[in-house]
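Remarks on the structure that follows.
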Amino acid sequence: MALEWDLTPLYDSFESEKFKEDLKKSSILVDEMKEWIDINFNNHEDEVEKLENFMKKDLELYSYQERLGAFIHLTLSTNSKNEPAIKNNAILQAKRNELAGPMAKVNKWIAQIEDLATLLEKSSLLKEHNFYLSEIVANNAHSLSEKEETMLAKLKETGSSAWEDYKNLIISTHKVEIEEEEGMKEYPLTVALNMAYDTDKKVRERAYHAEIASYKKIEDGVAAALNGIKGEAISVCALRGYESPLEMTLNQSRMDRETLEAMLGAMRESFPKFRSYLRRKAELLGYNNGLPFYEMYAPVCDADMTYSYEDGQAFVEKQFRKFSENLGNYAVKAFDNHWIDVYPRAGKRGGAFCSTIRTIKESRFLLNYGNSFSDVITMAHELGHGFHGACLNNESPFNTSYPMPLAETASTFCETIVKKAAIKEVDKKAAFSILETEISDATQVIVDIYSRYLFETEVFEKRKVSPLTVEEIKNAMLNAQKEAYGDGLDPEYLHPYMWTWKPHYYFTTRNFYNFPYAFGLLFAKGLYAEYCKKPETFPEEYEKILALTGKNKIVDVTKAAGIDVHDIEFWKASLKTIEEDIDTFIKLSYEI
């Protein structure tokens, strides 16, 4: 069984003739696009013809750049020191950035069309991209001049993009020294992080303390990257006329402030219940002052919840197929065609992700599998992302870009399918263990995500004044954890360095990549409730909902599912399903 992903549907190697030809063709298309825009977008004659030709050229260029970019990104994700990938990434990015100015010119030209709605009716191609083009018009208020957009794109190469690459290199090569019986042993950070799920308390505690100590070696460099990226984000937001990075994120997310506040308000109201879970888990593990951070993922009973990768595959497929044959078949396709890179290793980035590649209608999945039930859930989560992409395969690439909050819906829905089904199939002890895993994961998505939202808010506020010191960043993280977790965690054992390896704080084009996870979980809970009401018809409806996500605002997508995201009661109802699970967990904890 291949345990590393197969990238040959993209390219055989950086030395292959196909890669070299496509890189060259991409460069030529950029030059041709620049010249064509310069000639054709100086007046509004023949608007339909010009816009149609632009869309066709842009779609062709997209197909080359996506394919090249995916191969480079996926290679670097598993080997951060791959020199050809690093070199070609710089080449592709620099060439792509040359279009920033010309594209700004096109967007302004589109925004100047007097009656866009009437124009779109004159062309089936343009009408197909109604939402995409209308969004360009709406976002034009935040666009800069052609010259300014070009300058920003070029500065980014040696600014935030360079900082992101630097941070990724530091983290992917970082080693943690852990004292074991035979002496000190060095582990990649990804392996050390997986020890948080170990069944041995001593292993979990040693790994935590060693991990915390290890960051001293890299904290200054990572802090510099965080300051550089957040400082640039603040400057760019101000230039574009946004009140704050949060306002820009909400706009990019196609989400309004009313939705965010309703969701956050419901989350805050639920914290006491989550804290009761954390305190009960602490008691079960023998602690009296709340749960130490290093015990967040600790198993609470001795149920055999280890899953080899092969067992995990079989389990996920089985539960997916109970929901629908389409979902089950999709998982098998990913397994059989070697779309997954499975185990942690030196040079590989941490965490997990799905990368959907429109041009080949496939996805690739990065895992750092560690044989725990949580790893099975992560597999289901990432496959959910891929299935979301598959539901958009019949759409134009420009109608498949869904916003961050909706990006986490399908993945979380697939998690829910697996967890709910698993609880029904196993014995009482194993069910208790699965229930605890589900609540633990929900705690991360509700409570920890809220702490990350608080942390990023404070970092942005302080970064407006000056760069933050390492101590200021650590204190911001600790303050956020204390506010969100309250007495659920032992204040002596928090995690001041959670900002170092989490990639979400370092995305150069995305800020506040935290609350979308909460949205995804709670919206998915609402969808799952609908599935329970009509299990025979809902799977087809579900696929149709996912197909809408690339060409609608969030409030319109959720309306299609019969959900009003402005209503705090919806969010409370979704959270109540988790709160009921916590009540069940606490009750069972006295019976097991």
Side-chain angles (χ1 to χ4, degrees), residues 193-194 196-197 204 208 211-212 226 260 263-282 290-298 300 350-353 372 374 377-378 381 404-405 407-408 411-412 415-416 419 436-459 473-491 493-507 510-525 571 574-575 578-579 581-582 585:
L193 292 172
N194 273 348
Y197 300 91
R204 299 192 299 267
Y208 163 81
E211 178 203 346
I212 296 293
L226 184 67
L260 177 64
M263 182 181 74
L264 293 178
M267 287 165 62
R268 285 191 294 270
E269 288 187 30
S270 73
F271 287 168
K273 184 65 73 173
F274 281 95
R275 291 167 186 167
S276 68
Y277 149 71
L278 291 167
R279 289 194 302 272
R280 179 58 187 151
K281 180 171 182 176
L291 191 69
F293 200 96
Y294 58 82
E295 298 287 45
M296 293 275 276
Y297 312 109
V300 292
F353 69 72
S372 72
S374 179
I377 297 303
T378 298
H381 178 103
M404 290 191 291
E408 297 303 330
S411 54
T412 309
E415 281 190 38
T416 304
K419 292 173 184 174
E436 198 281 324
T437 299
E438 180 170 15
I439 298 168
S440 175
D441 290 345
T443 303
Q444 287 298 298
V445 178
I446 301 301
V447 186
D448 200 71
I449 283 296
Y450 187 78
S451 77
R452 297 183 214 177
Y453 174 79
L454 293 176
F455 168 77
E456 197 159 356
T457 299
E458 183 174 348
V459 167
I473 299 173
K474 288 164 62 179
N475 286 334
M477 180 57 75
L478 291 173
N479 290 338
Q481 289 173 359
K482 289 174 183 176
E483 182 171 344
Y485 285 100
D487 61 2
L489 291 187
D490 185 336
Y493 296 100
L494 299 176
H495 200 310
Y497 287 104
M498 283 298 286
W499 51 275
T500 53
W501 66 270
K502 288 286 185 185
H504 307 77
Y505 301 123
Y506 302 88
F507 293 147
R510 297 173 180 171
N511 301 294
F512 288 99
Y513 205 157
N514 34 63
F515 67 77
Y517 285 94
F519 184 102
L521 172 67
L522 298 176
F523 184 46
K525 291 287 185 184
W571 302 108
S574 290
L575 281 159
I578 305 172
E579 293 171 359
D581 284 344
I582 292 173
F585 166 82

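Only heavy atoms go into these numbers, but all of them, side chains included; no hydrogens, no water, no symmetry mates.
- Of the possible donor and acceptor atoms, none in the side chain of S440 sits under 3.5 Å from a partner among the backbone N and O of E436.
- By the side chain to side chain contact (heavy atoms under 4.5 Å, CB included) test, I212 is found to be paired with Y208, H495, P496, Y497, residues two or more places apart in sequence or in another chain being considered.
- T457 meets the side chain to side chain contact (heavy atoms under 4.5 Å, CB included) test with Y453, F512; sequence neighbours excluded.
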**Request:** Show your working on side-chain hydrogen bond (donor to acceptor under 3.5 Å, both in side chains) between E456 and Y513 and close with a plain yes or no.
**Result:** CA-CA 9 Å; E456 197 159 356; Y513 205 157; over 6 Å; no

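- Residues meeting the side chain to side chain contact (heavy atoms under 4.5 Å, CB included) test with P491, sequence neighbours left out: N289.
- Distance OG/S451 to CD1/I446: 12.0 Å, rounded to 0.5 Å.
- Side-chain atoms of E408 and H381, non-hydrogen and from C-beta on, do get closer than 4.5 Å to each other.
- Shown here are the side chain to side chain contact (heavy atoms under 4.5 Å, CB included) partners of R280, two or more places apart in sequence or in another chain: E283, L284, F585, I586, S589, Y590.
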**Item:** N514/Y450 under side-chain hydrogen bond (donor to acceptor under 3.5 Å, both in side chains): CA gap, chis, key distance, verdict
**Value:** CA-CA 8 Å; N514 34 63; Y450 187 78; over 6 Å; no

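- Taking E458 as the reference, K462 meet the salt bridge (Lys or Arg N to Asp or Glu O under 4.0 Å) condition, with sequence neighbours excluded.
- Side-chain contact check for T412 versus V445: every heavy-atom pair is 4.5 Å or farther apart.
- The distance from the CG atom of D490 to the OH atom of Y294 is 8.0 Å, given to the nearest 0.5 Å.
- In this structure, Y506 has no side-chain hydrogen bond (donor to acceptor under 3.5 Å, both in side chains) partners at least two apart in sequence or on a different chain.
- Between K525 and E438, at least one side-chain nitrogen of the basic residue sits less than 4.0 Å from a carboxylate oxygen of the acidic one, meeting the salt-bridge criterion.
- Scored by the side-chain hydrogen bond (donor to acceptor under 3.5 Å, both in side chains) test, Y505 finds no partners at all (sequence neighbours excluded).
- Not a single ring pair (Phe, Tyr, Trp, His ring centres under 6.0 Å) links W501 to another residue, sequence neighbours left out.
- Of the inter-residue distances, the one linking K474 atom NZ with L494 atom CG reads 12.5 Å to the nearest 0.5 angstrom.
- Partners of Q481 under the side-chain hydrogen bond (donor to acceptor under 3.5 Å, both in side chains) rule, at least two apart in sequence or in another chain, do not exist in this structure.
- Listed by chain and number, the residues in a salt bridge (Lys or Arg N to Asp or Glu O under 4.0 Å) with E269 are K572 (sequence neighbours excluded).
- Annotation: side-chain hydrogen bond (donor to acceptor under 3.5 Å, both in side chains) contacts of R204 (sequence neighbours excluded): E295.
- One finds the CG atom of L291 at 11.5 Å from the CZ atom of R279 (value rounded to the nearest 0.5 Å).
- Residue M267 comes nearest to L575 through the heavy atom pair N-CD1, 3.7 Å, listed as atom of the first residue, atom of the second, then distance.
- Take F274 and apply the ring pair (Phe, Tyr, Trp, His ring centres under 6.0 Å) test, not counting sequence neighbours, and it matches no residue.
- Between A480 and L454, the shortest heavy-atom contact is CB-CB, 3.9 Å.
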